[in-house]
Undergrad: 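For reference, the structure I am asking about is given below.
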Amino acid sequence: MNLFAKSKLQRTIALIVWAMIYFMAFTYVENVPQRVQNLATKWDYRIPFCKYFIVPYMLWFFYVAVTLIYFGLLRYREEEYRELIYNFILGIAVFFACCIVMPNGHRLRPLLFGKDIFEKLILFIYRRDTATNIFPSLHVYFSVACLQAFWFRESLEQKRIACHKAGKRCIDIPCICFTILTVSIVLSTLFIKQHCLVDVIGALVLNMAGYRVFYKAKVPKAITIWN
């Protein structure tokens with residue numbers, strides 16, 4: 001299935017098919033019995049468990065879906081869409097490579113009884129997403145990749161140019177909101193004990209690689225406009 005087909009319908013079908021393939025592969029590596037390397041450090045045990053962070057954690061699914069719909073269907077620019085998809089593919093490829101070469105996990109999850117909606121949601125996630133093969137955190141990687149796509153989109157670049165010519169400061173409310181959401185999602189992976197610090201740091205380092213490959217060429221122009 002061609003993710004970059006000219007037809008909007010074909011792109012939609014391709015996204016659904018590839019998403020299903022990804023989730024099946026993810027479920028497989030999550031549930032294969034194997035000896036795993038414990039990635040938790042002493043610093044992870046000092047991070048308190050906070051059940052309320054399940055809210056931004058769950059918003060991740062909506063965030064990724066909205067980003068794909070926006071760049072792939074609603075506001076289709078082939079270059080921007082390719083950058084987003086290739087950035088996602090980079091993260092997925094590294095994730096599965098790490099799962100194969102070094103099966104990993106942690107033992108940080110607390111004992112929960114589902115006393116309220118927050119604990120019930122966390123237990124729902126725990127049952128469907130095990131604490132094995134978690135490096136690098138795709139929750140973190142996909143969130144930052146979505147944010148990169150919004151920050152470096154062409155429409156924002158044009159807005160920066162217009163603001164610069166008018167002598168105004170360029171403030172993009174959607175990007176500010178998405179930045180706050182992204183930070184909340186990154187923190188949520190640690191506070192609900194779904195990931196550990198090594199997973200998060202690994203994902204952020206990989207995001208830096210994705211930035212250098214797909215977006216760095218756009219930075220000098222943007223900096224010139226800001227100045």
Side-chain angles (χ1 to χ4, degrees), residues 3 8 11-12 14-27 30 50-77 79-95 117-118 120-122 124-126 128-129 134-157 159 171-196 199-211 214-215:
L3 286 166
K8 184 181 294 187
R11 288 198 304 274
T12 302
L15 275 173
I16 294 173
V17 171
W18 283 109
M20 291 173 61
I21 293 173
Y22 160 72
F23 280 113
M24 287 189 293
F26 179 82
T27 302
E30 282 278 289
C50 182
K51 61 186 177 182
Y52 302 112
F53 270 95
I54 188 60
V55 176
Y57 188 90
M58 296 296 290
L59 284 175
W60 175 86
F61 298 95
F62 176 75
Y63 185 23
V64 173
V66 165
T67 304
L68 287 171
I69 292 171
Y70 178 78
F71 286 99
L73 302 176
L74 299 182
R75 186 187 176 278
Y76 182 66
R77 300 289 187 277
E79 181 184 359
E80 293 178 349
Y81 184 56
R82 284 183 180 272
E83 289 167 344
L84 174 64
I85 294 298
Y86 288 150
N87 206 4
F88 276 9
I89 291 174
L90 172 64
I92 292 170
V94 173
F95 170 77
I117 184 61
F118 301 104
K120 288 178 181 178
L121 284 172
I122 293 173
F124 174 82
I125 293 296
Y126 281 1
R128 284 157 181 78
D129 189 358
I134 52 177
F135 178 88
S137 169
L138 289 183
H139 228 74
V140 171
Y141 185 84
F142 281 3
S143 298
V144 177
C146 289
L147 185 62
Q148 288 172 331
F150 281 109
W151 270 110
F152 294 104
R153 71 189 191 275
E154 182 183 341
S155 60
L156 180 55
E157 192 73 10
K159 182 178 179 180
I171 299 176
D172 188 70
I173 299 301
C175 274
I176 293 174
C177 294
F178 287 136
T179 300
I180 295 172
L181 176 60
T182 299
V183 173
S184 300
I185 291 172
V186 172
L187 292 176
S188 75
T189 64
L190 297 172
F191 281 102
I192 69 167
K193 302 301 178 180
Q194 186 67 5
H195 287 278
C196 54
D199 308 329
V200 172
I201 294 171
L204 294 176
V205 170
L206 189 57
N207 280 124
M208 292 174 61
Y211 156 76
F214 303 113
Y215 297 107

Undergrad: For Glu79, is there any backbone N or O sitting under 3.5 Å from a side-chain donor or acceptor partner on Arg82?
TA: no
Undergrad: Holding to side chain to side chain donor-acceptor pair (under 3.5 Å), I want the full list of residues that pass it with Thr182, two or more places apart in sequence or in another chain.
TA: Tyr63
Undergrad: Rounded to the nearest 0.5 Å, what's the gap from CD1 on Ile16 to CD1 on Ile21? Could you check?
TA: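 Answer rounded to 0.5 Å: 12.5 Å.
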Undergrad: Taking side chain as C-beta onward, heavy atoms only, is Leu15 less than 4.5 Å from Arg11?
TA: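 Counting from C-beta outward, Leu15 and Arg11 never come under 4.5 Å.
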Undergrad: Which atoms form the tightest heavy-atom contact between Ile185 and Ser143, and what is the distance?
TA: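 Smallest interatomic distance, heavy atoms only, reads CG2-OG, 3.3 Å.
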Undergrad: If you apply the rule ring pair (Phe, Tyr, Trp, His ring centres under 6.0 Å), what do you find for Phe150 with Phe71, and how did you get there?
TA: CA-CA 9 Å; Phe150 281 109; Phe71 286 99; 5.1 Å; yes
Undergrad: Donor-acceptor pair, Gln148 side chain versus Asn207 backbone, under 3.5 Å?
TA: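 Between the backbone of Asn207 and the side chain of Gln148 there is a qualifying donor-acceptor contact (under 3.5 Å).
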Undergrad: By the definition side chain to side chain contact (heavy atoms under 4.5 Å, CB included), identify the one residue from Phe88, Trp60, Tyr70, Tyr141 that meets it with Cys146.
TA: Phe88
Undergrad: Counting distance only, does the side-chain N/O of Arg153 pair as donor-acceptor with the main-chain N or O of Glu80 below 3.5 Å?
TA: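 No; judged by distance alone, with no hydrogens or angles, the pair does not exist.
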Undergrad: Ring centres under 6.0 Å, that's the criterion: do Phe95 and Phe26 meet it?
TA: yes
Undergrad: Identify the heavy atoms of Asn87 and Ala145 that sit nearest to each other, and give their distance.
TA: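 Heavy-atom minimum between the residues: ND2-CB, 3.6 Å.
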Undergrad: Counting C-beta onward and ignoring hydrogens, is there a side-chain heavy-atom pair between Gln194 and Tyr126 closer than 4.5 Å?
TA: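 They are in contact (side-chain heavy atoms under 4.5 Å apart), so the answer is yes.
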Undergrad: Would you call the rings of Phe152 and Tyr211 parallel, tilted or perpendicular, where under 30° means parallel and over 60° means perpendicular?
TA: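 Answer is tilted, since the angle falls between 30° and 60°.
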Undergrad: Search all heavy atoms of Ser188 against all heavy atoms of Pro56 and return the closest pair with its distance.
TA: CB-CG, 4.0 Å
Undergrad: So, for Cys196 and Ile134, which heavy atoms are closest and what is the spacing to 0.1 Å?
TA: SG-CD1, 4.4 Å
Undergrad: Using side-chain contact (heavy atoms from CB on, under 4.5 Å) as the criterion, list what pairs up with Phe62, not counting sequence neighbours.
TA: Val66
Undergrad: Taking atom CD1 of Ile192 and atom NE2 of His139, what is their separation to the nearest 0.5 Å?
TA: 7.0 Å
Undergrad: Can you tell me how far apart CD1 (Ile85) and CD1 (Ile92) are? Round to the nearest 0.5 Å.
TA: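 One finds 8.5 Å between CD1 of Ile85 and CD1 of Ile92.
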